[in-house]
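Below, chains carry the letters A, B, ... as their sequence lines are ordered, and counting in each starts from 1.
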Protein chains: 2
Amino acid sequence: MRKGQYTMQDIANELGISKSTVSRALKNHPDISQDTKDAVHKLAKEKDYQPNSLALSLRHNKSFVLGIIVPEIVHDFFANVISGVQKVAYNEGYNVMICISNESTEQEIVDTKAMFSSRVDGLLISRTKESNDLSHLKSIVNKGVPLVMFDRVSEELDVSKVITDDFQGAYMATEHLIKQGCKNIIHLSGPDNLAIGRDRKSGYIAALKDYKIAVDESKIIPCPKGDLEEGKTTMFDIIDSNTEFDAVFANNDVTAIGAMNAAKEKGLSIPNDVSVIGFGDWRLSQLLDPPLSSIEQSGVDIGITAAKLLLEQIRAEEKDEDFTPRTEVVESHLIQRGSSLQKK
Amino acid sequence: MRKGQYTMQDIANELGISKSTVSRALKNHPDISQDTKDAVHKLAKEKDYQPNSLALSLRHNKSFVLGIIVPEIVHDFFANVISGVQKVAYNEGYNVMICISNESTEQEIVDTKAMFSSRVDGLLISRTKESNDLSHLKSIVNKGVPLVMFDRVSEELDVSKVITDDFQGAYMATEHLIKQGCKNIIHLSGPDNLAIGRDRKSGYIAALKDYKIAVDESKIIPCPKGDLEEGKTTMFDIIDSNTEFDAVFANNDVTAIGAMNAAKEKGLSIPNDVSVIGFGDWRLSQLLDPPLSSIEQSGVDIGITAAKLLLEQIRAEEKDEDFTPRTEVVESHLIQRGSSLQKK
DNA sequence: GAATTCCGCGCAACCGATTGAAGAAAAAAC
DNA sequence: GTTTTTTCTTCAATCGGTTGCGCGGAATTC
């Protein structure tokens, strides 16, 4: 590439015409004679001419690239979102540039700047758990880049958002446990600086209230990291502290699995001694023993919805139309499996 | 972005100087007076000036973007590879553009062209299982784009490659089963058009031969798709056909899990009636019941190695140095777990 | 035969940066 | 006071395309 880039100018030279004529010929502009068009198309095919989209992007101030920043990629949910986004992007002629913030705000800032520098036409982001700093996002919005947040969103920013119905999902999970006969439901809650953490907690609390079960703050235990290890150690602590409980509703599946593993190691039977339900329905959850109940949030759907929303805004702004950001809620579903069923 | 892009020209206008001076001032060129530099830097920071990398790329014929094409993304292995690539790319100031071929050759061709059009500085690819068509890859190599293939490689192409030691891994897996007392080991093999499929099969055969066990071609059953469903139905077929067997070595973990599920449904106990081992060590495998033995191939390491190899080539060619493609082999490791241990 | 229309194509500016070379102004040397 | 040197800045070309405008010649019209 460095040296041997075949350009329109090269075609023009070979045919003894100007590059403007080549440009028009390639796009079948009516001004150009059929003979010239044929010659240009023939040579272009022969030399396998590929236009330089950098030049196009620069000229048109439009890159046909959507940026997406996710906290992790080795993660079913985010991987699914990405594949949903890709699907929509492909169909609309866009490419996707992905950055992984690794749950680091610092990295997220670098990524955001890089995305802006390469002039993505729009940006999709799910924030890190780490922080509340929004200045980099405000800045990119101010520069006029359409932004859509998904899953981990922030109320402070007036942009489009795509979320799972976390409250409803958590409510369903809790209600399900109650209906299975559980009375003492522990909630391993997520990070408080993210709406998804707060909403799930609220759903849990609402369900308890609706079923006239007292809400015991000491049964809401924060697991902000949300990894296997944290789920496990937290569960050990709970068991060792002799807290009374017969069920666990975890903020995500991995935490739930950690808790399940800990309970099993302590000789508790699932679901007889303790029912467990997670959130997110990871692909692996159905393969566990017992298979883990969960709230399904379709990453693919979220990705598709977010990408469509973003494209809608991009197009509106290209036509100088007004666009009012909106929030779309993707439904979540209760998936009942062995880890929470048939409580005696 | 469409309208309000703040450029060097804007800085120049505001300060009443030329844009060349601005350019030099921003990179602390010694020709520029300290006063001018200060003024430019101050204004640039004030307006949050971000250079347009499209313009830079066009000028320098260098985009600082690495392309990567993977067949799937909702897949621990590929997700890990991507995160390994990202890690290296970040440190070296490159961005990563990802395409997902969805196991379709057609899509792979489109992706390759798109990557070339956006003038990636180099391309990483793991091919689809589907086909043997290499023309699009040959074409991009001819155009001078450094290419590194990983995992699913092709011998026909003289480019750098990064692979797992598939033969050795399969040998270890088979040997392990033999040492656990298995005599009738079925191999659910991968696609024959990919080296990884053939090498794993060869490793299996070699181990059998070394341990003086007759190789029975009817015990090598192709599972080219390599998904859960295929593993399951294939296993049902095997059981129903009354083939004699006491172990299964599958080409990948998902196939192994499918086989395990089928065996369990048919009332077989694992590992007592049938030992199972997979390949790839997916994150979920250790969470199964029983946990699945597997051959670990570190996606992250493969990604890191591949990205480094690619950057090495990119840099060599930038300096007009010769670069001879080479193949690097990332070691694989036997992970012994419950699905294959303690055979009586 | 002169005026008009139309067709096919080229010129040159533009997108936002970089960069070699030339130029202008100030400082130093004679 | 003139020449030389130094210091700082601008000019203009370049990367690879796109696009408004204009130009020359042939065809058409009167």
Sorted by chain and number, sequence neighbours left out, side-chain contact (heavy atoms from CB on, under 4.5 Å) with B:V330 holds for B:V162, B:D301, B:I302, B:T305

In whole angstroms, the gap separating C1' of C:dG16 from CZ of A:R119 amounts to 9 Å

For A:Q9 and B:T36, take the nucleotide of DNA chain D holding the closest heavy atom to each; which residue's nucleotide lies nearer the 5' end? B:T36

Considering only residues two or more places apart or on different chains, which pairs with a residue in residues 146-155 of chain B satisfy salt bridge (charged side-chain N to carboxylate O under 4.0 Å, His left out)? B:E103-B:R152, B:E155-B:R198

Please check if the side chain of A:S117 supplies one atom and the backbone of B:P51 the other of a donor-acceptor pair under 3.5 Å. yes

Of all pairs that satisfy ring-ring contact (aromatic ring centres under 6.0 Å, His included), the ones with a partner from residues 82-115 of chain B, not counting sequence neighbours: B:F64-B:Y94

A:D10 with A:K47: basic N within carboxylate O range, under 4.0 Å: no

Go along nucleotides 18-27 of chain C 5' to 3' and tag each nucleotide: B for a protein heavy atom under 4.0 Å from its base, S when only backbone or sugar atoms are that close, - otherwise. BBBB------

In whole angstrom, give the distance that lies between atom CG of A:L15 and atom P of C:dG10. 10 Å

Between A:E328 and A:K308 (salt bridge meaning N to carboxylate O under 4.0 Å), is one present in this structure? no

With nearest nucleotide decided by heavy atoms, which residue, A:P30 or B:Q50, maps closer to the 5′ end of DNA chain C? A:P30

Over all strands shown, is A:S57 touching base, sugar-phosphate only, or nothing at heavy-atom distances under 4.0 angstrom? nothing

Nearest-0.5 Å distance that lies between atom CG in B:D133 and atom OG1 in B:T105: 7.0 Å

A:F64 CZ to C:dC15 P, straight-line distance once rounded to whole Å: 19 Å

Please give, in whole Å, the distance from C:dG8 C1' to A:Q34 CD? 13 Å

Can you measure A:L58 atom CG to C:dA13 atom P for me and round it to whole angstrom units? 17 Å

Mind jotting down which residue pairs meet the ring-ring contact (aromatic ring centres under 6.0 Å, His included) criterion with at least one end in residues 7-37 of chain A? Sequence neighbours excluded, please. none

How far apart are the closest heavy atoms of B:V74 and A:S83, and which atoms are they? CG2-OG, 4.3 Å

Heavy-atom contact window of chain A on DNA chain D, given 5' to 3' at under 4.0 Å: D:dG16 to D:dG20

What is the distance from CG of A:L26 to P of C:dC9, rounded to the nearest Å? 13 Å

